[in-house]
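These notes concern the structure reproduced below.
From a predicted model like this one, the values you see are computed outputs, not experimental measurements.
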Amino acid sequence: ILSAIKTTLISIILLVRIITYYLYKAIYQISLFYIIFSITKKGDRYMEKEKLVKALENYFEDCKFRKRLNNKTIKAYKIDLNQFFEIVNNLDDEVKEINEYIHFLNKKYSKHKTVKRKLASVKAFYFYLEYEEIIEYSPFNKVRTKIKEPHVLQKTIQKENIEKIIQYLFDRVSSAKTDFQTIISIRNIAIIGLLFSTGIRISELCNIKVADINFNEKTLKIFGKGSKERILYIGNETVVDFCKKYKQLNEYVAENDYFF
């Protein structure tokens with residue numbers, strides 16, 4: 001039964017990756033179409049359609065191959081550019097357009113980081129056009145985009161709740177009735193333990209590979225945000241032990257690159 005479950009899981013993972021790949025390609029084409037449509041319908045004030053198509057393609061290629069941005073970041077750029085050109089569609093002056101867009105973002109979004117990110121996406125595209133001499137100058141040179149961000153303390157989990165979570169995880173190991181339940185329960189302890197003991201992001205945890213954990217040195221290699229690699233020390237001996245147990249019990253780990 002465990003072998004059948006493992007085979008089914010592998011098939012599902014492969015199917016999800018194939019669907020994700022083709023879905024990403026479809027989103028890319030749709031985003032490109034909407035951006036082109038939004039800009040070209042404004043008239044001669046902007047680039048000709050052929051030049052715009054080439055500029056967008058080159059810009060996204062530059063983001064991917066020179067800047068080495070990941071697919072999620074590039075996808076966010078496309079969404080932000082599409083939104084920008086839809087909002088500024090009925091305005092004439094570029095500087096005024098951008099200022100109006102800033103007002104729109106501040107009204108629509110409560111999070112300052114969201115506003116800053118969306119402005120950064122548009123600003124980067126205009127600077128690319130200026131650098132490549134596709135436009136004479138970027139209108140952002142005459143726009144103040146600095147937004148004061150409030151300093152807010154991070155939200156934390158109460159100590160009592162953490163203790164309840166940990167106790168629940170250990171209880172699940174004790175009450176496991178099958179090998180599969182035991183493996184899953186041990187895996188959950190290893191996951192929560194690594195998050196608490198190292199402070200890594202969930203996305204970083206999902207990308208941990210078998211070779212990234214050194215049980216002898218009790219270290220963890222993380223390839224994190226901004227393509228930055230760092231080595232972390234796993235200070236909790238219990239977390240190390242449960243990671244070892246999970247690797248020993250789960251045959252799937254030995255057959256694949258990823259630890260979880």
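- To the nearest 0.5 Å, the span separating OG on Ser138 from CD1 on Ile98 amounts to 6.5 Å.
- Closest of all the heavy-atom pairs between Val95 and Pro139 is CG2-O, 4.1 Å.
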For Asn58 and Tyr128, what are the C-alpha separation, side-chain angles and deciding distance, and is it a side chain to side chain contact (heavy atoms under 4.5 Å, CB included)?
CA-CA 10 Å; Asn58 290 341; Tyr128 170 81; 3.1 Å; yes
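- For the pair Arg187 and Phe260, the minimum side-chain heavy-atom distance is below 4.5 Å.
- Ring geometry for Phe104 versus Tyr109: interplanar angle over 60°, hence perpendicular rather than tilted (30 to 60°).
- In this structure, the side chains of Thr73 and Lys67 stay at 4.5 Å or more apart for every pair of heavy atoms.
- Side chains of Phe140 and Val122 form a contact here, defined as non-hydrogen atoms less than 4.5 Å apart.
- In summary, Lys209 and Asp257 do not engage in a salt bridge, as defined by a charged side-chain N under 4.0 Å from a carboxylate O.
- Counting only heavy atoms from C-beta outward, the side chains of Arg230 and Ile200 approach each other to under 4.5 Å.
- Between Tyr77 and Phe60, the distance from one ring center to the other does not fall under 6.0 angstrom.
- In terms of heavy-atom proximity, Asn141 sits nearest to Tyr137 at ND2-CB, 4.3 Å.
- For the atom pair OH of Tyr233 and CG of Asn214, the computed distance is 11.5 Å after rounding to the nearest 0.5 Å.
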Return all side-chain donor-acceptor pairs below 3.5 angstrom for residues 157-173, not counting sequence neighbours, or 'none' if the list is empty.
unit_1, atom_1, unit_2, atom_2, d
Gln167, NE2, Asp171, OD1, 2.9

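- A distance of 12.5 Å separates CD1 in Ile79 from CD1 in Ile74, rounded to the nearest 0.5 Å.
- Residues Val240 and Lys244 form a side-chain contact, since some pair of their non-hydrogen atoms from C-beta on lies under 4.5 Å apart.
- Atom CG of Leu69 sits about 8.5 Å away from atom CG of Asp62, to the nearest 0.5 Å.
- In terms of modelled atom types and a separation under 3.5 Å, the side chain of Asn106 and the main chain of Ile102 share a donor-acceptor contact.
- Looking only at distances, a side-chain donor or acceptor of Gln181 sits under 3.5 Å from a matching main-chain atom of Lys177.
- You'll find the side chain of Leu220 stays beyond 4.5 Å of the side chain of Phe259, heavy atoms only.
- Annotation: cation-pi pair Lys245/Phe242 present, NZ/CZ under 6.0 Å from the ring centroid and within 45° of its normal.
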Determine, stepwise, if the pair Leu56 / Phe125 fulfils side chain to side chain contact (heavy atoms under 4.5 Å, CB included).
CA-CA 9 Å; Leu56 284 167; Phe125 178 62; 3.7 Å; yes
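- A side-chain N or O of Asp80 and one of Ser121 form a donor-acceptor pair less than 3.5 Å apart.
- Between Lys123 and Val143 the shortest side-chain heavy-atom distance does not fall below 4.5 Å.
- How far CD1 of Ile87 is from NZ of Lys118: 10.0 Å, rounded to the nearest 0.5 Å.
- The side-chain heavy atoms of Thr198 and Ile222, taken from C-beta on, include no pair separated by under 4.5 Å.
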